[in-house]
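The structure presented is a predicted model; accordingly, all values stated were derived computationally and were not measured.
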Amino acid sequence: QVQLEESGGGLVQAGGSLRLSCAASGRTSSTYTMGWFRQVPGKEREFVALIMSNGGYTNYADSVKGRFTISRDNAKNMMYLQMNSLKPEDTAVYYCAAGRSISMWMNDYDDWGQGTRVTVSS
């Protein structure tokens, strides 16, 4: 099992930037695919980005391509999401997750953090 804790959320104006962090603990956390998902009230949790265990492959939702960048530092057991050119529709609670397969589907992720809230004002 991997324990995850997000940080870095907050309030930002449209066009601004935020960097989310996810601290992972667990003996084999560096071998997991890591992902970011987000959720707004009344909607399903949606995929944002993922990064393979060694960082060699990444994938993004179409809605964030070119604006968000996912990265990880396995030596520090950290994952990041750099969010630029933020839009009001990016407002959500952002969750980091760890899983054993390279997947955009939340059901393929076994471990989740508690989430960090991002609010983008217009």
Side-chain angles (χ1 to χ4, degrees):
Q1 186 177 7
V2 179
Q3 291 78 45
L4 303 168
E5 183 173 2
E6 306 92 339
S7 61
L11 173 64
V12 64
Q13 288 189 331
S17 298
L18 278 176
R19 188 195 196 203
L20 304 184
S21 299
C22 176
S25 61
R27 190 163 56 92
T28 59
S29 60
S30 62
T31 66
Y32 283 67
T33 293
M34 301 288 291
W36 287 99
F37 290 76
R38 66 187 182 186
Q39 189 171 22
V40 297
K43 292 190 176 182
E44 290 189 353
R45 196 167 295 186
E46 67 173 8
F47 168 75
V48 175
L50 68 85
I51 186 166
M52 200 172 70
S53 57
N54 66 2
Y57 173 79
T58 58
N59 196 12
Y60 297 89
D62 288 342
S63 58
V64 306
K65 277 181 183 175
R67 300 188 298 120
F68 291 10
T69 302
I70 189 171
S71 62
R72 67 191 295 168
D73 184 340
N74 286 340
K76 296 181 179 180
N77 289 326
M78 295 293 296
M79 179 180 65
Y80 307 98
L81 186 68
Q82 178 67 44
M83 305 187 296
N84 299 329
S85 302
L86 282 161
K87 304 175 181 180
E89 51 264 44
D90 295 318
T91 295
V93 176
Y94 284 71
Y95 299 87
C96 67
R100 296 186 180 274
S101 58
I102 301 173
S103 171
M104 297 186 293
W105 303 108
M106 62 175 290
N107 289 341
D108 288 331
Y109 288 80
D110 302 311
D111 300 296
W112 294 83
Q114 294 300 306
T116 185
R117 185 174 302 276
V118 172
T119 303
V120 184
S121 63
S122 57

Task: Those residues that, when tested against Gln82, pass side chain to side chain donor-acceptor pair (under 3.5 Å) (two or more places apart) - done: Asn84
Task: Under 3.5 Å donor-acceptor, Thr91 side chain and Val120 backbone - done: yes
Task: Interatomic spacing from CE in Met34 to OG1 in Thr58 - rounded to 0.5 Å - done: 14.5 Å
Open item on the list: Applying disulfide bond (SG atoms under 2.5 Å apart) as the test, list every pair that has at least one member in residues 43-73; sequence neighbours left out.
Closed with: none
Task: Partners meeting side chain to side chain contact (heavy atoms under 4.5 Å, CB included) with Ala23 (sequence neighbours left out) - done: Met78
TODO: Applying side-chain contact (heavy atoms from CB on, under 4.5 Å) between Leu18 and each of Thr116, Val12, Leu11, report the one that passes.
DONE: Val12
Open item on the list: Listing request: all ring pair (Phe, Tyr, Trp, His ring centres under 6.0 Å) pairs with a residue in residues 58-93, at least two apart in sequence or in separate chains.
Closed with: none
TODO: Can you tell me which residue pairs pass the disulfide bond (SG atoms under 2.5 Å apart) test with a partner in residues 32-62, sequence neighbours excluded?
DONE: none
TODO: Any pair with a residue in residues 113-122 that passes salt bridge (Lys or Arg N to Asp or Glu O under 4.0 Å), sequence neighbours left out, goes on the list, sorted by first then second residue, please.
DONE: none
Check residues 2-10 and write down every donor-acceptor pair under 3.5 Å in which the side-chain atom is one partner and the other belongs to a residue at least two apart or another chain.
| residue | atom | partner | partner atom | Å |
| --- | --- | --- | --- | --- |
| Gln3 | OE1 | Ser25 | OG | 3.3 |
| Glu6 | OE1 | Gln114 | N | 3.1 |
| Glu6 | OE1 | Gly115 | N | 2.8 |
| Glu6 | OE2 | Cys96 | N | 2.9 |
| Glu6 | OE2 | Gly115 | N | 3.2 |

Task: Residues clustering with Met104 (ILVMFWY side chains joined when closer than 4.5 Å, directly or via others) - done: Phe37, Phe47, Leu50, Met52, Tyr57, Val93, Tyr95, Ile102, Met106, Tyr109, Trp112
Task: Those residues that, when tested against Lys43, pass side chain to side chain donor-acceptor pair (under 3.5 Å) (two or more places apart) - done: none
TODO: With sequence neighbours excluded, tell me which residues meet side chain to side chain donor-acceptor pair (under 3.5 Å) with Ser103.
DONE: Asp108
Open item on the list: Check whether Asn74 reaches the backbone of Ser53 with its side chain - one donor and one acceptor, N or O, closer than 3.5 Å.
Closed with: yes
- [ ] Please identify each residue that fulfils salt bridge (charged side-chain N to carboxylate O under 4.0 Å, His left out) with Asp90, with sequence neighbours left out.
- [x] Arg38, Arg67
Open item on the list: Could you report the tightest heavy-atom contact between Ser122 and Ala14, atom names first, then the distance?
Closed with: CA-CB, 4.3 Å
TODO: Name all residues meeting the side chain to side chain donor-acceptor pair (under 3.5 Å) criterion together with Asn59; count only those two or more places apart in sequence or in a different chain, and write none if there are none.
DONE: none
Task: Non-hydrogen atoms of Ser17 and Ser85 that approach each other most closely - done: OG-N, 4.4 Å
Task: From CH2 (Trp36) to CE (Met83), nearest 0.5 Å - done: 8.0 Å
